[in-house]
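Written below as structure tokens is the structure these notes are about.
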Amino acid sequence: MPDASPLFQPLKVGDFSISNRIAMAPLTRNRAEKGSDAPRDLNVEYYRQRASAGLIVSEGSQISQQGQGYVWTPGIYTDKQVAGWRRITDAVHAEGGRIVIQIWHVGRVSHVSLQKDGAAPVGPSSVPAKTRTYVETGFVDVSQPRALSAEELPGIVADFARATRLAKEAGFDGVEIHGANGYLLDQFLKDGANQRTDSYGGSIENRIRLPLEIAEACAKAWSPGRVGIRLSPVTPANGISESNPQPLFESLVGKLSDLGLAFVHVIEGATGGPRDNAPFDYAALRQAFKGVYIANNGYTRDLAIDAVASGHADAIAFGKAFIANPDLVERLRQGAPLNEWDQNSFYGGDERGYTDYPTLKTAKAA
Ligand code: 8OZ
């Protein structure tokens with residue numbers, strides 16, 4: 001019996017609608033074309049297979065070379081990348097799906113070998129992240145970052161706005177600004193990384209300034225109803241920390257709501273880890289935001305059904321389950337068993353562990 005719970009019902013998200021409230025979370029897979037970082041045939045097939053998600057949020061896609069922190073992640077700043085993405089959005093739309101692109105600047109989480117002319121990665125302050133990244137030759141410590149000058153910030157805002165315009169040109173339904181997991185926006189937000197003494201550091205008002213300027217610029221570049229943002233209030237991902245996240249994120253989300261953004265996408269707890277690593281009142285964020293609230297991290301079918309039925313969230317994003325189950329929505333609808341994911345093929349490689357996971361239909365035929 002198809003499940004009639006609201007999880008499987010349509011939803012209006014800003015300027016567009018989705019056919020169910022199950023989102024595919026953004027998932028870094030490092031399989032863009034080598035050299036150009038443009039999406040290629042293999043990536044088209046991967047997203048096409050997952051188009052029954054109510055909403056696909058693409059893997060993080062750098063808005064500039066400076067914004068790249070890992071090898072073979074796709075970009076959204078060249079014509080070739082836009083043309084590659086166009087084939088993906090066409091394929092997803094042909095299957096009746098919706099797809100937004102996650103636009104990403106890694107900030108200090110990068111390595112000189114990924115930067116133009118071996119330059120230092122940039123961040124709010126010259127505080128290195130205690131984390132690693134991977135480059136062509138394998139895992140490496142991230143490089144010592146350089147603090148961005150205030151004069152450079154309008155250029156970064158402009159790069160996000162350009163990515164939004166290019167996303168529209170590439171046929172996406174919208175953009176998701178990557179504001180989570182210890183990357184550039186999270187670095188400005190959180191006091192463990194932001195030691196600035198200018199108008200972008202110190203008070204909450206100052207630390208939310210750059211994320212708000214970026215959100216506003218993206219909204220202007222297209223429409224507020226085409227823009228969402230992903231946040232992770234208490235994640236320790238990539239060595240990030242914040243001494244008092246509750247008022248910081250309530251203030252930020254309230255202002256994002258005033259801008260009329262389509263959605264906020266909130267990672268509850270530690271990214272890919274425990275949902276309760278630190279106390280946080282997520283209901284207060286939902287209260288502060290008038291658009292769609294998408295919750296993510298460690299949801300099971302039962303948790304997801306309850307979260308949407310109770311009003312905790314409007315939609316639920318699944319990450320790793322979507323890697324291993326292209327037909328996740330159908331499986332959840334039926335309460336069917338899920339394929340297990342193979343961690344070894346998450347990052348980089350070929351079609352194995354990428355486009356070869358069976359659906360219920362192909363498993364039956366085999
Ligand atoms: C895993 C590996 C590399 C990047 C994130 C974009 O955490 C990522 C990411 C995850 O948001």
Side-chain angles (χ1 to χ4, degrees), residues 23-32 37 39 43 46-47 56-76 100-111 113-114 121 123 129-143 160 163 175-190 193 211 214 228-242 264-275 277 294-298 317-324 341-349 353-354:
M24 176 173 161
L27 295 159
T28 289
R29 304 304 307 273
N30 310 85
R31 284 168 170 85
D37 293 330
N43 312 128
Y46 166 76
Y47 283 108
I56 294 175
V57 182
S58 85
E59 64 207 278
S61 305
Q62 59 270 7
I63 57 165
S64 61
Q65 187 180 348
Q66 186 192 66
Q68 182 168 14
Y70 305 84
V71 72
W72 307 317
T73 54
I76 177 81
V100 298
I101 181 168
Q102 193 191 52
I103 52 178
W104 189 22
H105 192 305
V106 297
R108 65 180 183 168
V109 183
S110 186
H111 187 261
S113 67
L114 296 164
K130 288 197 180 69
T131 191
R132 309 189 86 193
T133 180
Y134 39 90
V135 298
E136 211 158 334
T137 49
F139 278 91
V140 287
D141 288 336
V142 297
S143 304
F160 272 98
V175 300
E176 176 181 277
I177 299 164
H178 196 339
N181 294 342
Y183 299 110
L184 185 69
L185 278 70
D186 210 21
Q187 291 159 29
F188 271 82
L189 289 171
K190 292 179 176 166
I214 288 170
I229 189 165
R230 193 165 199 237
L231 302 171
S232 55
V234 299
T235 198
N238 290 306
I240 202 76
S241 64
E242 164 57 34
V264 290
H265 179 179
V266 179
I267 301 169
E268 298 171 341
T271 312
R275 294 169 46 75
N277 65 309
I294 306 175
N296 171 237
N297 204 24
F318 291 84
K320 286 176 281 196
F322 256 114
I323 288 181
W341 54 78
D342 166 31
Q343 190 117 17
N344 296 322
S345 49
F346 280 0
Y347 309 118
Y354 190 58

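First listed ligand is number 1; within each ligand, the first listed atom is number 1. FYI, side chains are in, hydrogens and waters are out, and symmetry mates aren't considered; it's all heavy atoms of this structure.
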Ranked by distance from atom 1 (C) of ligand 1, the top protein heavy atom is Y347 OH, 3.3 Å
What's the shortest distance from atom 7 (O) of ligand 1 to any protein heavy atom, and which residue and atom give it? N181 ND2, 3.1 Å
Decide whether the shortest distance between a heavy atom of F346 and an atom of ligand 1 is less than 4.0 Å. no
Tell me whether N181 contacts the main-chain N or O of T235 through its side chain, where contact means a donor paired with an acceptor under 3.5 Å. no
Under 4.0 Å from any heavy atom of W104, which atoms of ligand 1 are there? 6 (C)
State the atoms of ligand 1, each with its element, that fall below the 4.0 Å cut-off from a heavy-atom position in Y134. 2 (C), 3 (C)
Kindly confirm or rule out a cation-pi arrangement of R31 over Y46, judged by NZ or CZ under 6.0 Å from the six-membered ring centre and within 45° of its axis? no
Consider every N or O of H178 and every N or O of ligand 1, then say whether any pair is closer than 3.5 Å. yes
Side chains of V106 and Q68 in contact at under 4.5 Å (non-hydrogen atoms): no
Report yes if the side chains of R230 and N296 come closer than 4.5 Å at any heavy-atom pair, otherwise no. yes
Can you spot which of Y347, W72, Y70, Y134 makes a side chain to side chain donor-acceptor pair (under 3.5 Å) with N30? Y134
What's the spacing between I56 CD1 and E176 CD if we round to 0.5 Å? 13.0 Å
Identify, for atom 6 (C) of ligand 1, the protein heavy atom at the shortest distance, and state residue, atom and that distance. T28 OG1, 3.2 Å
For the residue pair T73 / E59, report whether a side-chain donor-acceptor contact shorter than 3.5 Å exists. no
I want to know if ligand 1 touches R230 in the polar sense, i.e. an N/O pair below 3.5 angstrom. no
When you measure from atom 8 (C) of ligand 1 to every protein heavy atom, which one gives the shortest distance, and what is it? Y183 OH, 3.4 Å
